[in-house]
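To find a chain, count down the sequence lines: A is the first, B the second, and so on, and within it residues start at 1. For clarity, every value in this text was computed on a predicted model and none was experimentally measured.
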Protein chains: 2
Amino acid sequence: MTHRLEFLDLQAFILVAELGSFHEAAQRLHLSQPALSRRIQKLEELLEVELLERTTRRTHLTPIGADFLPRARRMIEEYESSILNMRELATHQKGTVTIACLPTAAFYFLPSVIRGFSEAWPGIRIRILDVSANEGLQRVINGEADFGINMFSAQSAEVSFTPLLRDPFVLALRSDHPLAAKKSIQWADLEQVRLITVSRDSGNRTLLDNALSAEGIRLNSFYEVQHLSTSLGLVESGLGVAILPKMTMPGPDHDTLCSRELPEPRIQRTIGLVRSSSHSISSTAQLFIDMLLEHWGNSTDS
Amino acid sequence: MTHRLEFLDLQAFILVAELGSFHEAAQRLHLSQPALSRRIQKLEELLEVELLERTTRRTHLTPIGADFLPRARRMIEEYESSILNMRELATHQKGTVTIACLPTAAFYFLPSVIRGFSEAWPGIRIRILDVSANEGLQRVINGEADFGINMFSAQSAEVSFTPLLRDPFVLALRSDHPLAAKKSIQWADLEQVRLITVSRDSGNRTLLDNALSAEGIRLNSFYEVQHLSTSLGLVESGLGVAILPKMTMPGPDHDTLCSRELPEPRIQRTIGLVRSSSHSISSTAQLFIDMLLEHWGNSTDS
DNA sequence: TCATATTGATTCAATATATGCATTAATGTG
DNA sequence: CACATTAATGCATATATTGAATCAATATGA
């Protein structure tokens, strides 16, 4: 059988070739001379080729041996660099963590964690797939992402969900909008204004529709967009109002935009960590998750 | 100890990674499943790294395994191409023969043999070191040349000599030279003409001087050059005559040049094969020598 | 010239390693 | 929930590797 060749055989050959002596090479390899002698014989037998010309005094390469020497060196080099590289991966000096994260959650959750993580593990690259709830779920299931940050509704038997934070929906509107002056908003108020919604493909929209239809409430959307950030832009430009996760909203010091609590039923989405049940988490990704939970793990109490 | 890794281990890992199954991989390797399983375990233990994520149903790569896979492929590839290359060398589909040959002998001996050899072994490159007797001898001794074609006088304990051909010295002169008309040449005749000789470093000159001084004959050289071919050129231009190995002379159909036998003592050089006694001859070089002897091996009888 | 030292190869017994068979544990599938 | 299929494990056995002792060949130096 071919392929029954050890790297030690190559190393042995290289050393004998370089030193021109079985004796010395054997010492360096911490082997007895006969063991080395037979090792080289085995190698030559395996390759069906004579690599070394031995006299009882000196040893030197045959032409074929001279041809093989640099190749053997390359093989050993590739092998040793592989080991080095894997050590780096194993000790988290190198590597990549891929996170499938809702775009809004990316803004909210990740920056603080990434800062700390990159400080602790400067060699590790972080890749954020800022995709929709459904797509993010798929990426986790098929292993493209190490884990996800997603809504609870994006569930499946193939993933486990760890809640991180409850994110209530609020009414987003301009500070100068008539409704902004009202003390509390009623569902009926929303029939009077132009409502901006995201398309029915969105996980947020599904969540919202399900919650409201249970109460017999129906929203009539005037503008429809794909992304939450776009609807926020339309609100800011004064085209209408939108029902958005609070997390989407800019801070309270924003000039033109503000938000108002919605009436009952209290609608919220639960954001959490999504992990594949079939793919095991890489140790590097686990490091990131540990840090993530340390930052946000208690937030569901709020 | 590291380096105790077989190429079969790499092959096994690659196959399991590609097929995603120990079972199938074991079949393809003509191994039992447990044997393969343990082989991969050994590999992982050796590298101190987890390469494959096993469930009882499926098997797939860990991130580190995915990183290692292409490296393993490269190692196997290098190994297999090495084997192929050595097979080509061993079967004389590739290779080089280096011959340290006297320049005159190169013209005389080699063309016919090279023609036949290149036809039989079209992949083999032939390198001719057309150097002086002394230098050619050195090249054979230190292994730069596989063998030499040289004079018998270029001897040494470190080489063996196989005579091929006896090459007598003749007087080279122009057809219109006064001496050309004489029936036989006497040594005294040469005192009347301008003699062109090669320098005393030359093996030919040494041979000649030694043979003549034994008889009390001394030549007075007028022109001195380094190479036989140059002296022949000077003869042709009419500057004088030269004592040259017959082998150097052009064929009998030459217009202006001709040669005459010299008187006793009959001076000749023996041309032959020079082989190193310490370096063994490569099998490819042996092929060439076989062919060379087939062409010229009987010539010493003449 | 001959004893000596050093080289690589060989012999042999002990050990280490790899293998196959039978079996177990785990887990998708119908 | 039984069944089939997967990878791992226990164990006996075959194979390979090893070092110590020894051999054969050959430079070296007196």
key: Value in whole Å for how far the P atom of C:dT17 lies from CZ of B:Arg4   = 7 Å
message = Under the criterion side-chain contact (heavy atoms from CB on, under 4.5 Å), I'd like the reasoning laid out for A:Ile76 against B:His3: C-alpha separation, chi angles, the key distance, then a yes or no.
response = CA-CA 9 Å; A:Ile76 290 274; B:His3 285 217; 4.0 Å; yes
ask   = Whole Å only: how far is the CG atom of A:Leu36 from the C1' atom of C:dT7?
value = 13 Å
query = Which word best sums up how the rings of A:Phe161 and A:Phe152 line up, parallel for under 30°, tilted for 30 to 60°, or perpendicular for over 60°?
reply = perpendicular
key: Interatomic distance, A:His30 NE2 vs D:dT18 P [rounded to whole Å]   = 14 Å
task = Figure out the CD1/P separation between A:Ile40 and D:dT17, and round it to whole Å.
result = 13 Å
task = Take the protein atom NE2 of A:His23 and the nucleotide atom C1' of C:dA5, then report the distance between them rounded to whole Å.
result = 11 Å
inquiry  = In whole Å, I'd like the distance from the CZ atom of B:Phe22 to the P atom of C:dT19.
reply    = 14 Å
inquiry  = If I take atom CD from residue B:Gln33 and atom CD from residue B:Gln27, how far apart are they, to the nearest 0.5 angstrom?
reply    = 10.5 Å
message = For a 4.5 angstrom cut-off between non-hydrogen side-chain atoms, does B:Phe288 reach B:Asp146?
response = no
inquiry  = Tell me the interatomic distance from A:Leu43, atom CG, to D:dA16, atom C1', rounded to whole angstroms.
reply    = 16 Å
ask   = Hey, mind stepping through B:Asn134 and B:Gln138 against side-chain contact (heavy atoms from CB on, under 4.5 Å) and telling me if it holds?
value = CA-CA 6 Å; B:Asn134 284 332; B:Gln138 281 312 310; 6.0 Å; no
ask   = Just to confirm, is there a sub-4.0 Å distance from OP1 or OP2 of C:dT17 to any side-chain nitrogen or oxygen of B:Lys42?
value = no
ask   = Any ion pair linking A:Arg139 and A:Glu135 (charged N to carboxylate O, less than 4.0 Å)?
value = yes
Polar atom pairs (N or O), protein with nucleotides 21-30 of chain C, under 3.5 Å:
residue, atom, partner, partner atom, Å
C:dT27, O4', B:Thr56, OG1, 2.6

query = Tell me: CD of B:Gln27 to C1' of D:dT5, nearest whole Å?
reply = 13 Å
